[in-house]
Engineer: 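Structure incoming, see below.
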2 protein chains.
Amino acid sequence: MISRFADLVKALPRRGPSNPFHHRCHPPVPPPRARAMSDLRAPEHQVAGHRASINKLGPLVDGAGLFYKPLQAGDRGEHEAAFYEKFSAHPAVPSRIRDAFFPGYHGTRLLPTAARPDEPHPHLVLDDLLAGLDAPSVIDIKIGACTWPPSSPEPYIAKCVAKDRGSTSVVLGFRVSGARVVGTGGAVWRPERPEIKALDTTAVRRVLRRYVSSVADEGMDCALAAAVYGGEGGVLSQLRELKAWFEEQTLFHFYSASILLGYDANAVSSAGVGGGVRVKLVDFAHVDEGDGVIDHNFLGGLCSLIKFISDIVDETPKTPPLGPTFRSEKGTPNQTVGNCPSLQTDGNPYLFSNPIF
Amino acid sequence: MISRFADLVKALPRRGPSNPFHHRCHPPVPPPRARAMSDLRAPEHQVAGHRASINKLGPLVDGAGLFYKPLQAGDRGEHEAAFYEKFSAHPAVPSRIRDAFFPGYHGTRLLPTAARPDEPHPHLVLDDLLAGLDAPSVIDIKIGACTWPPSSPEPYIAKCVAKDRGSTSVVLGFRVSGARVVGTGGAVWRPERPEIKALDTTAVRRVLRRYVSSVADEGMDCALAAAVYGGEGGVLSQLRELKAWFEEQTLFHFYSASILLGYDANAVSSAGVGGGVRVKLVDFAHVDEGDGVIDHNFLGGLCSLIKFISDIVDETPKTPPLGPTFRSEKGTPNQTVGNCPSLQTDGNPYLFSNPIF
């Protein structure tokens, strides 16, 4: 794709040894104190995208609130950096929208990596969206039936169309790209990539239910639906605020971007409400100029996601029945399975046991 | 496409001489008095689709409020009839939505046609959406970035994708399929099909402005924007009511359907308000089952159209400056050109004279 932010791309740092620690900062947001390289590590809670390893570039976190995302290959990385530069300074973007729904942007930085120790690579310096969450439950949802900007080259479009049609994107207007759900006692459910790729409509609905269930391995009680999805500051109210902006904004078209949902499983399960619910947009390598037209593709998918989530809230009790009496050891029938009417199992509490697909 | 309403399709009348005047009626709506064949004629105000002629099947009207649409070739016609049967009797469709936004359906009828006098052809019997309008100004807008149901055969999908990408559908989420605008003194502007097919984003915006301009041949004053698009009962308020339904309804996906806008140019231009504004959905040959998912494709395009139209309302005066002092003879500069700020012509009132593209 030819970058629509070409003027900004020219100004970005290129990888190479001549400028190993160049750090561009978005002026209004002073960068937090730089951490030593030894502090950086691969994030524990990443659910989609490449993971950093000895052979692969991947994001890093510093444990103090910053997330370093390596610029992607081709022009995608530079395009994403150019988007962040433009978006973070755009006078027509309401500060409430920027602060509530987008990662804070602190410029780019060349970093040596485990994959290429002698060849520093430019990274976006962003807020770590999961910082401060003790036990993050996370889901990454790629929004839009169409993930390709219309100006993309034909082979790229053909590849994207195949993926969009092969996943739930065309039918639902979104697809789940990754999930990590922390259940009772810290048990983590994280489906592998082949499972994620195979999700159909029914399975997507189940994943969205599982995301708000207090048991990770034994069916779905949707016990956290009211706390995480519903109520003031919950996912639904945040998504609706975002929707209102998308009904009006004609600045950007967010092809192939994701909505990342996060909450603290420890905080929400102990209090029954709250839990630091976060709704953030991520992944802007294919954002296009809006040219005075709303992003109907993103908006349609967002409305579809809202309907899926509001259906779950509507069919679950307002007060989540949390507490030890509603939990059980593995293999013991309990009362939690019946909390979602549409998941009634005819008395068999094991019908939705692992795997859920 | 394999019909998703197969059970209903079996019950529909087939063309053939054995049952020349079969008439299926939707029970709750008694059919108006049958007209003699000689009363039927091609509608004057059709703006899209095939027109009836000696060689071609096309819709007919009886002048008494009914519109006869020949079932299309292949399974499209039977699919559309099956949709009408299902939709008109569906208990989950609010009667307000059905009555306000869809043509009344009165079954099907085998009719001899000019194209095939010896071979009666099944027709949908529908309300004539423009009945009662003295001087109908009409625009047909195909909604959705994607016009193909996902279950369609590959060659059909490839053909539709090419059309969607070659028109404004992918970029805007809709495309204009036809228009007819009645101006001062009854002058009619009706772009031909090649002009319509060539419309880009800028030209679509101009067509939507021209649709509410009181002069058909000399630029665009947007003098009717407040009366037709804005205000109580105007296009915008009707589209927003439709949007609210699309945010919730998961019964049908309206691929390749159009929104038809109509108003009476005589009534609106004499009164300055009202004018029998109509907002109707038409063309259901590719409607698919919703399967519990909202029609995010139609909804996204609808939101995009709403934004285009609300932009026009926002930039024009609330009270349309109608009346003889604001009109002029051809070639005489007048005050109407400057009513749309974005159409300011630096004092040259002829800049947007015909053609507008």
Side-chain angles (χ1 to χ4, degrees), chain A residues 143-152 154 157-158 160-162 164-174 200-202 204-205 239-240 243-250 253 255 288-311 314 342, chain B residues 143-152 154 157-158 160-162 164-174 200-202 204-205 239-240 243-250 253 255 288-311 314 342:
Chain A
I143 306 291
C146 163
T147 59
W148 42 275
S151 58
S152 307
E154 288 302 324
I157 291 178
C160 290
V161 167
D164 296 344
R165 291 180 61 196
S167 68
T168 62
S169 290
V170 165
V171 174
L172 305 188
F174 66 87
D200 62 9
T201 300
T202 305
V204 164
R205 217 179 277 279
L239 289 179
R240 286 179 178 140
K243 170 181 169 245
W245 183 60
F246 269 91
E247 286 174 345
E248 291 296 326
Q249 78 87 14
T250 60
H253 288 184
Y255 293 104
D288 210 347
E289 298 275 6
D291 289 333
V293 177
I294 68 163
D295 188 352
H296 54 84
N297 175 61
F298 191 99
L299 177 58
L302 176 57
C303 290
S304 178
L305 177 62
I306 286 172
K307 184 66 167 67
F308 268 69
I309 291 178
S310 66
D311 283 350
D314 289 347
S342 65
Chain B
I143 306 291
C146 164
T147 59
W148 42 275
S151 57
S152 308
E154 288 301 325
I157 291 178
C160 290
V161 167
D164 296 345
R165 292 180 61 195
S167 69
T168 62
S169 291
V170 165
V171 174
L172 305 188
F174 65 87
D200 62 9
T201 300
T202 306
V204 164
R205 218 178 276 280
L239 289 180
R240 286 179 177 139
K243 171 181 166 245
W245 183 60
F246 269 92
E247 286 174 345
E248 292 295 325
Q249 78 88 13
T250 60
H253 288 185
Y255 293 104
D288 210 347
E289 298 275 8
D291 290 332
V293 177
I294 68 162
D295 188 352
H296 54 86
N297 175 60
F298 191 99
L299 177 58
L302 177 57
C303 291
S304 178
L305 177 63
I306 286 172
K307 183 67 166 69
F308 268 68
I309 292 178
S310 65
D311 283 349
D314 289 347
S342 64

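Reminder, nothing fancy here: chain letters follow the sequence lines and each chain counts from 1.
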Engineer: Could you have a look at Ala145(B), Gly301(B), Gly300(B), Pro150(B) and say which one has the most heavy-atom pairs with chain A under 4.5 angstrom?
Structural biologist: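 Heavy-atom pairs under 4.5 Å are most numerous for Gly300(B).
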
Engineer: Go through the atoms of Ile157(B) and report whether side chain, backbone, both or neither lie under 4.5 Å from a heavy atom of chain A.
Structural biologist: side chain

Engineer: Looking at side-chain heavy atoms only, is the closest gap between Thr201(A) and Asp291(B) below 4.5 Å?
Structural biologist: no

Engineer: Measure distances from Leu299(B) to the heavy atoms of chain A and classify the residue's part below 4.5 Å as side chain, backbone, both or neither.
Structural biologist: side chain

Engineer: Which value, rounded to the nearest 0.5 Å, describes the distance between Glu248(A) atom CD and Ile306(B) atom CD1?
Structural biologist: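 Reported to 0.5 Å precision, the distance equals 10.0 Å.
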
Engineer: Answer yes or no: is there a side-chain heavy-atom contact under 4.5 Å between Phe308(A) and Ile294(B)?
Structural biologist: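 Contact flag for Phe308(A)/Ile294(B) side chains = no.
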
Engineer: Which value, rounded to the nearest 0.5 Å, describes the distance between Lys307(B) atom NZ and Glu247(A) atom CD?
Structural biologist: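 Answer rounded to 0.5 Å: 11.0 Å.
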
Engineer: Does any N or O in the side chain of His296(B) come within less than 3.5 Å of the main-chain N or O of Val171(A), such that one atom is a donor and the other an acceptor?
Structural biologist: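 The answer is yes, because a donor-acceptor pair under 3.5 Å joins these two groups.
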
Engineer: Look up atom SG in Cys146(B) and atom CG in Asn297(A), then write down how far apart they are to the nearest 0.5 Å.
Structural biologist: 10.5 Å

